[in-house]
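Beneath this line is the structure, given in structure tokens, with notes to follow.
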2 protein chains.
Amino acid sequence: MTAETIMVIDDDQDLRESIVEILDHDGFKAIGFETAELALREIKSLVPELVVVDNMMPGMGGMGLMALLKRNHPDIKIIMITAFSTVDNAVAAMKGGADDYLAKPFKREELLMAVKCNLETLKFEQKMIEAGMDDAFACLANQIRRQILVTLAGKKEMRFMDITRHLGISDHTKVNFHLKNLKNNNLVSQDRVKAYHLTRQGEKMVDCLHLLSKRIVQ
Amino acid sequence: MTAETIMVIDDDQDLRESIVEILDHDGFKAIGFETAELALREIKSLVPELVVVDNMMPGMGGMGLMALLKRNHPDIKIIMITAFSTVDNAVAAMKGGADDYLAKPFKREELLMAVKCNLETLKFEQKMIEAGMDDAFACLANQIRRQILVTLAGKKEMRFMDITRHLGISDHTKVNFHLKNLKNNNLVSQDRVKAYHLTRQGEKMVDCLHLLSKRIVQ
DNA sequence: TTTTTCTGTGAAGTAGAGTTCACAGAAGAC
DNA sequence: GTCTTCTGTGAACTCTACTTCACAGAAAAA
């Protein structure tokens, strides 16, 4: 696992170096910039996972940077820090695209918590984006396939016509179609005597189905 | 309609046979076991709909059995009975995965009520899996819709073009299509200023997504 | 004001999922 | 052996989900 890159942008040199040091010490790859303009120049070659930026700065300031960042790199998380903290201020920051908001002065732990929490969220979103779950959901999206999975989960092992009859479907080729689909997705498999049963993946799916049904129903 | 299978696991022979007799008399197919280990040996070939298990038993005991059961057969309902009933005891049992909890001594009617009630719930959950969930899964089956849901979950409220840019999709009408889909399925809604946000149902879906991603990825 | 961006609709086309049908070898029943 | 049931395949078709395009009023920026 490679260290996440974090940009720290603040015109206050003391605070900036202090933040960088805290993050570095916690295993991140933190880099400080004095102005938004300087940071933007670097961002082409060095894309960070997260940015910590001060609200009030000479030049384009935190809000201006944020607008540009969210447009060109929508997946970079932004934590805004500010000295003059008001509700309006915070709301404006969040509306402007900030992912988190810290009022000065903040504790070391608050900063680290915000950073880690947002990186966690980022990772989750990226996993969702990576697809991979498409197949899983596609399998669950069909009622017949769900029925087959649940049926097999209860009986543990069934022959082809047993499944077909159990579902009350007259056309056996339709069942065969979905069964093949499930087989291709490694949710069910066949043994030597052609009996179908769930794979470990398939069992997990049934597990998920039950969890979902409990959650969706209230 | 075929009789539901119920396992009764208690080291106290008198009580066990008494429970089995009550359930049998009411039309269930009840089978007694003296220990959790004996029950587990049978559970491969004989999957019950419901299990009545005593808390205090020699060997792995009720809690140990419950943990195993919930892992391997999450759809089996578990009623725990116990002699020394305290609040902590009950809470621990429910946290451990019990679906219901009976303190000894209990009346015949209490037992039957608990059993029937939990079987009813089970049937309801299974019916949910069979039908009704089509729309829910259809929503989750599409990657863009999942991305929108996750994005909104993180931001709580976003305008149309913010979402589009955040997803990095050039054609805004495509996003609009899926957004409308989500709206029609009551997963997202719009406020007066046209900002999109998750509904309660939508939040539940994101919740489900979390569960699934955790489960599917090992 | 004009101009651009935002937010959306509806029609047309495309791709893929799902269904149905015709057929056929394998396995059991007789 | 014959006959029936089981277990499947592949092609053709249908239907729906998804995409793309053209257009347009509303809101914001200039």
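Atom set for the values below is all heavy atoms of this structure, side chains included, hydrogens, waters and symmetry mates excluded. Every chain is numbered from 1, with letters handed out A, B, ... down the list of sequences.
Distances from the side chain of A/Lys194 to the nucleotides D/dT7, C/dT20, D/dT19 place D/dT7 closest. Comparing D/dG8, C/dG8, D/dT19 against the side chain of B/Phe177 picks out D/dT19 as the nearest. For A/Tyr196, whose side chain is taken as the heavy atoms from C-beta onward, the closest listed nucleotide among D/dT19, D/dG8, C/dT19 is D/dG8. Of the candidate nucleotides C/dG8, C/dT20, C/dG18, C/dG18 has the atom nearest to the side chain of A/Asn181. The B/Phe160 side chain lies nearest to C/dG8 when the options are D/dG8, C/dT19, C/dG8. Residue B/Asn142 has its side chain nearest to D/dC18 when only C/dT20, D/dC6, D/dC18 are considered. Between D/dT20, C/dG18, C/dT19, one nucleotide has an atom nearer to the side chain of A/Arg145 than all others, and that is C/dG18.
For the residue pair B/Phe28 and B/Lys116, the shortest heavy atom distance occurs at CZ-CG, 4.1 Å.
In this structure a side-chain-to-backbone donor-acceptor pair under 3.5 Å is missing from B/Asp162 to B/Met158. Counting only distance, with no hydrogens or angles, the side chain of A/Gln190 and the backbone of A/Ala195 share no donor-acceptor pair below 3.5 Å.
You won't find any donor-acceptor pair under 3.5 Å spanning the side chain of A/His178 and the base of C/dG18, going by distance alone.
A donor-acceptor pair shorter than 3.5 Å cannot be found between the side chains of B/Asn118 and B/Asp99.
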